[in-house]
> 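I have a structure I would like to understand better, so I am pasting it below and will then ask my questions one at a time.
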There are 2 protein chains.
Amino acid sequence: MDIQLKRGLLDACVLAAIKDEDSYGYQIIKDMKPYLELSESTLYTILKRLETAGMLTVKSVEHEGRLRKYYHITRQGLGRIEEFKEDWKEIESIYRFITREDARNE
Amino acid sequence: MDIQLKRGLLDACVLAAIKDEDSYGYQIIKDMKPYLELSESTLYTILKRLETAGMLTVKSVEHEGRLRKYYHITRQGLGRIEEFKEDWKEIESIYRFITREDARNE
DNA sequence: TGGTATACATCGTAACGCGAAGTATATCGC
DNA sequence: GCGATATACTTCGCGTTACGATGTATACCA
């Protein structure tokens, strides 16, 4: 898929991946894979950005000797998803503009 | 609208604006305005990029003493729009992932 | 004469995705 | 026992891109 197109979906998609249940990096990538593939470097950059923006909180948990960072969505993060839904209406209108048939033949 | 979301639509949208009839910068901005607003600097950057990529061709025409650059879509440009349509299927699937109801309550 | 519309161009900046490389542990096949 | 693979997170640098600011130039209207 076109990278530019992907960009606009990434933040909302990551937030959606943790919205029902706290999750961690590796798991998020696996959950998103059927819909949208992203590299680790991309995900961790996004998670850091969303944390800074107050969209999620982080909690480190010991798991089999290793550190695991669990991400929890905040009210702001849920709001971000709602914003995406609002934007979606505009996107659909743009989609119709792009895919419309030749206006001269209508 | 979210800038990142806009990014993925811009190229296809500009191509769609000239696909039925050759057009020029100022006119393209006006045609797109109801759907997607963009600044002149952004549009001319995009047009230059699409030209380099072979998606459109340019023809300078004298108009009331001033130079006007008409843009004409190529077969490649039309192909780019078709690609967008293909990507759209994936985007819809991602949209459903983002807006799905809590899986634990289903 | 000043404001607005038309029309295109260039520069610098900041945001962002991502490949590459690194660190570290656990598990599994040979 | 040892290499491969999976898990898990981090950092760096690069290239692409949208856009504000600014500039140039003409036409028209009040």
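Chain letters run A, B, ... following the sequence lines, proteins first and then strands; every chain starts at 1.
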> Can you tabulate the close N/O pairs, meaning under 3.5 Å, that link protein atoms to atoms of nucleotides 7-13 of chain D?
from, atom 1, to, atom 2, distance (Å)
D:dT7, OP1, A:Lys30, NZ, 3.4
D:dT7, O2, A:Arg66, NH1, 2.8
D:dA8, OP1, A:Arg68, NE, 2.9
D:dA8, OP1, A:Arg68, NH2, 2.2
D:dA8, OP2, A:Tyr24, OH, 3.1
D:dC9, OP1, A:Lys69, N, 2.7
D:dC9, OP2, A:Gly25, N, 3.2
D:dC9, OP2, A:Tyr26, N, 3.2
D:dC9, OP2, A:Tyr44, OH, 2.6
D:dC9, O5', A:Tyr44, OH, 3.4
D:dC9, N4, A:Glu40, OE1, 2.7
D:dT10, OP1, A:Lys69, NZ, 2.7

> For DNA chain C, note the earliest and the latest nucleotide, 5' to 3', having some atom under 4.0 Å of a heavy atom belonging to chain A.
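Listing 5' to 3', DNA chain C meets chain A from C:dC16 to C:dA26.
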
> Check whether any side-chain heavy atom of B:Glu90 lies under 4.5 Å from a side-chain heavy atom of A:Asp2, and answer yes or no.
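They are not in side-chain contact.
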
> List the atom pairs, donor and acceptor, that lie under 3.5 Å between side-chain atoms in residues 5-15 of chain A and the rest of the protein, sequence neighbours left out.
from, atom 1, to, atom 2, distance (Å)
A:Lys6, NZ, A:Glu37, O, 2.5
A:Arg7, NE, B:Gln4, OE1, 3.0
A:Asp11, OD1, A:Arg49, NH2, 2.7

> Can you name the residues that form a side chain to side chain contact (heavy atoms under 4.5 Å, CB included) with A:His63, not counting sequence neighbours?
A:Arg68

> Expressed in angstrom and rounded to an integer, what is the separation of A:Asp2 atom CG from D:dT16 atom P?
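My rounded result for the distance is 14 Å.
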
> Output all residues satisfying side chain to side chain contact (heavy atoms under 4.5 Å, CB included) with B:Glu82, sequence neighbours left out; order by chain, then residue number.
B:Lys85

> Check the distance between D:dT16's C1' and B:Gln4's CD and give it to me in whole angstrom.
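Computing the B:Gln4:CD to D:dT16:C1' distance gives 12 Å.
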
> With sequence neighbours left out, write down each residue that passes salt bridge (Lys or Arg N to Asp or Glu O under 4.0 Å) with B:Glu62, or none if nothing qualifies.
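None.
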
> For A:Arg75, give me all partners under side chain to side chain contact (heavy atoms under 4.5 Å, CB included), at least two apart in sequence or on another chain.
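So A:Arg75 forms no side chain to side chain contact (heavy atoms under 4.5 Å, CB included) with any residue.
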
> Side-chain N or O of B:Lys6 versus OP1/OP2 of D:dC19: is the shortest distance under 4.0 Å?
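For B:Lys6, the contact criterion (side-chain N or O under 4.0 Å from OP1 or OP2 of D:dC19) is met.
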
> For B:Glu62 and D:dA27, what is the distance between atoms CD and P respectively, to the nearest whole Å?
10 Å

> Show every donor-acceptor pair shorter than 3.5 Å between a side-chain atom in residues 26-36 of chain A and any protein atom, with sequence neighbours excluded, or say none if there are none.
from, atom 1, to, atom 2, distance (Å)
A:Gln27, NE2, A:Asp31, OD1, 3.0

> Calculate the interatomic distance between B:Leu43 atom CG and D:dC19 atom P; express it in whole Å.
11 Å

> Please enumerate all residues that pass ring-ring contact (aromatic ring centres under 6.0 Å, His included) together with B:Tyr70, with sequence neighbours excluded.
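Checked B:Tyr70 against ring-ring contact (aromatic ring centres under 6.0 Å, His included); matches are B:Tyr24.
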
> I need the CZ-C1' distance between A:Arg7 and D:dT16, as an integer number of Å.
7 Å

